[in-house]
> 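Please see the structure below; I have some questions.
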Amino acid sequence: MLYKKYVKRILDIIVSATAIVVLSPVYLVLYILVKTKLGSPVLFYQDRPGKDEKIFRMYKFRSMTDERDSDGELKSDDERLTPFGKKLRATSLDELPELFCILKGDMSLVGPRPLLVRYLPLYNEEQKHRHDVRPGLTGWAQVNGRNTLSWPEKFKYDVEYTRNVSFAMDVKILFLTVINVLRHEGISPEGSATMDFFKGEE
């Protein structure tokens, strides 16, 4: 309880602040690459629900183009995701701006991934518990299959984490995250560039 209530947040501040400073050259290189290959804006941002369903703004490096069809509508994710964007996602480098969300207090290093605001009315009572803690840069669901999991499986891991938060579990998740990133595992579902939208329980 002490770790979950106090120590976890202190470690989030220390680690995120240190990482931002150490990785500042990487941020600069990625900024230039995204600007050159995908144009402006360099950052993608979107409102997401955090702890206790409080809405915050999450940032990522942009990984898709703004290509539109003849009717002016955005093309599918598969069509807009470039080879460069795929590499960004495969290495999780697109997630680096979220370190600022962690430093600010909207996110944590480890926790359920922040999903779309539109999903909030669709969760059942059990699934809503994924918002009992701050959302994370990585999480228990991410190291157990990431985007290859079904939505019910993903939420099961999310809620399991919220009920078992500990220093040992967070270290384990961070360690497994590094391994998964190096192996490029669980980046996207088979046959799709992105995860299908959650539509609630069948």
Side-chain angles (χ1 to χ4, degrees), residues 4-5 8-9 11-13 15-17 19-20 27 41-64 77 81 85 88-165 169-170 173-174 176-177 180-181 186-189 192-201:
K4 182 178 180 179
K5 196 169 183 180
K8 183 175 172 68
R9 178 62 191 144
L11 291 177
D12 280 341
I13 294 171
V15 174
S16 61
I20 288 169
Y27 280 105
V42 172
L43 292 179
F44 164 82
Y45 64 85
Q46 193 172 57
D47 288 343
R48 299 287 176 97
K51 186 177 184 298
D52 300 323
E53 300 184 0
K54 179 182 177 182
I55 307 302
F56 72 97
R57 181 154 289 183
M58 187 184 78
Y59 294 88
K60 291 184 178 184
F61 277 116
R62 182 180 174 191
S63 59
M64 292 186 183
D77 290 347
L81 186 60
L88 272 183
R89 292 189 174 195
T91 55
S92 294
L93 290 172
D94 62 318
E95 310 278 1
L96 285 183
E98 291 169 39
L99 286 170
F100 289 93
C101 298
I102 296 172
L103 184 61
K104 184 182 174 186
D106 292 325
M107 292 178 63
S108 176
L109 288 170
V110 180
R113 284 295 293 164
L115 300 176
L116 300 178
V117 174
R118 61 190 272 193
Y119 294 167
L120 287 175
L122 304 178
Y123 298 132
N124 62 33
E125 290 304 312
E126 178 74 1
Q127 293 164 350
K128 286 180 180 179
H129 285 293
R130 70 188 310 277
H131 296 293
D132 289 349
V133 298
R134 287 185 178 87
L137 183 65
T138 185
W140 191 223
Q142 277 57 53
V143 299
N144 280 286
R146 197 173 173 180
N147 290 331
T148 61
L149 296 172
S150 67
W151 283 113
E153 289 173 326
K154 187 175 292 190
F155 295 145
K156 175 176 171 289
Y157 282 116
D158 287 343
V159 175
E160 183 180 334
Y161 173 78
T162 67
R163 291 172 174 163
N164 297 280
V165 177
M169 190 171 192
D170 280 1
I173 290 171
L174 290 170
L176 292 174
T177 297
N180 286 353
V181 169
I187 299 162
S188 59
S192 177
T194 56
M195 188 81 179
D196 289 336
F197 288 118
F198 176 55
K199 299 175 183 177
E201 294 184 309

> Side chains of Trp140 and Met169: does their closest heavy-atom pair fall under 4.5 Å?
yes
> Yes or no on side chain to side chain contact (heavy atoms under 4.5 Å, CB included) for Lys4 and Val133, after CA distance, side-chain angles and deciding distance?
CA-CA 9 Å; Lys4 182 178 180 179; Val133 298; 3.7 Å; yes
> Closest approach of Leu120 and Ile55, non-hydrogen atoms and distance?
CD1-CD1, 4.3 Å
> How many angstroms lie between CE in Met64 and CZ in Phe44, if you round to the nearest 0.5 Å?
8.0 Å
> What's the shortest heavy-atom distance between Asn144 and Leu149, and which atoms?
O-CD2, 3.2 Å
> What's the spacing between Leu115 CG and Gln127 CD if we round to 0.5 Å?
10.5 Å
> Is there a side-chain contact between Asn180 and Arg146, using heavy atoms and a 4.5 Å cut-off?
no
> So which heavy atom on Pro135 is nearest to which on Pro49, and how close?
CG-O, 4.3 Å
> Salt bridge (Lys or Arg N to Asp or Glu O under 4.0 Å) with Glu98: which of Arg134, Arg57, Arg113, Lys104?
Arg113
> Got a donor-acceptor contact below 3.5 angstrom from the Arg48 side chain to the Pro114 backbone?
yes
> Roughly how far, to the nearest 0.5 Å, is CZ of Arg130 from NZ of Lys154?
8.5 Å
> Calculate, to the nearest 0.5 Å, the distance between atoms CG and NZ belonging to Asp158 and Lys128 respectively.
16.0 Å
> Check for me whether the distance between the ring centres of Tyr27 and Phe100 falls short of 6.0 Å.
yes
> Heavy-atom distance under 4.5 Å between the side chains of Trp151 and Leu122, does that happen here?
no
> Evaluate the side-chain proximity of Thr177 to Gln142: yes if any heavy-atom separation is below 4.5 Å, no if none is.
no
> Atom CG in Leu109, atom CG in Asp12: separation rounded to 0.5 Å?
4.5 Å
> Without hydrogens or angle criteria, can the side chains of Glu153 and Ser150 be said to hold a donor-acceptor pair below 3.5 Å?
yes
> When you compare the side chain of Leu116 with that of Phe197, does any pair of heavy atoms fall below 4.5 Å?
yes
> Applying the side-chain contact (heavy atoms from CB on, under 4.5 Å) criterion to Pro97, which one of Leu43, Val42, Ile20 satisfies it?
Leu43
> Measuring only between side-chain heavy atoms, which start at C-beta, is Val110 closer than 4.5 Å to Thr138?
yes
> His131 versus Lys51: any side-chain heavy-atom pair under 4.5 Å?
no
> Give a yes or no answer on whether the side chain of Lys54 reaches the backbone of Asp106 with a donor-acceptor pair at less than 3.5 Å.
no
> Looking at side-chain heavy atoms only, is the closest gap between Tyr161 and Asn164 below 4.5 Å?
no
> Can a donor-acceptor pair be found, under 3.5 Å and without considering hydrogens, that links the side chain of Asn124 to the backbone of Glu126?
yes
> Would you compute the distance between atom CG of Leu103 and atom CG of Leu99 and round it to the nearest 0.5 angstrom?
9.0 Å
> On a heavy-atom basis, which atom in Arg62 and which in Leu88 lie closest, and how many Å separate them?
O-CD1, 3.5 Å
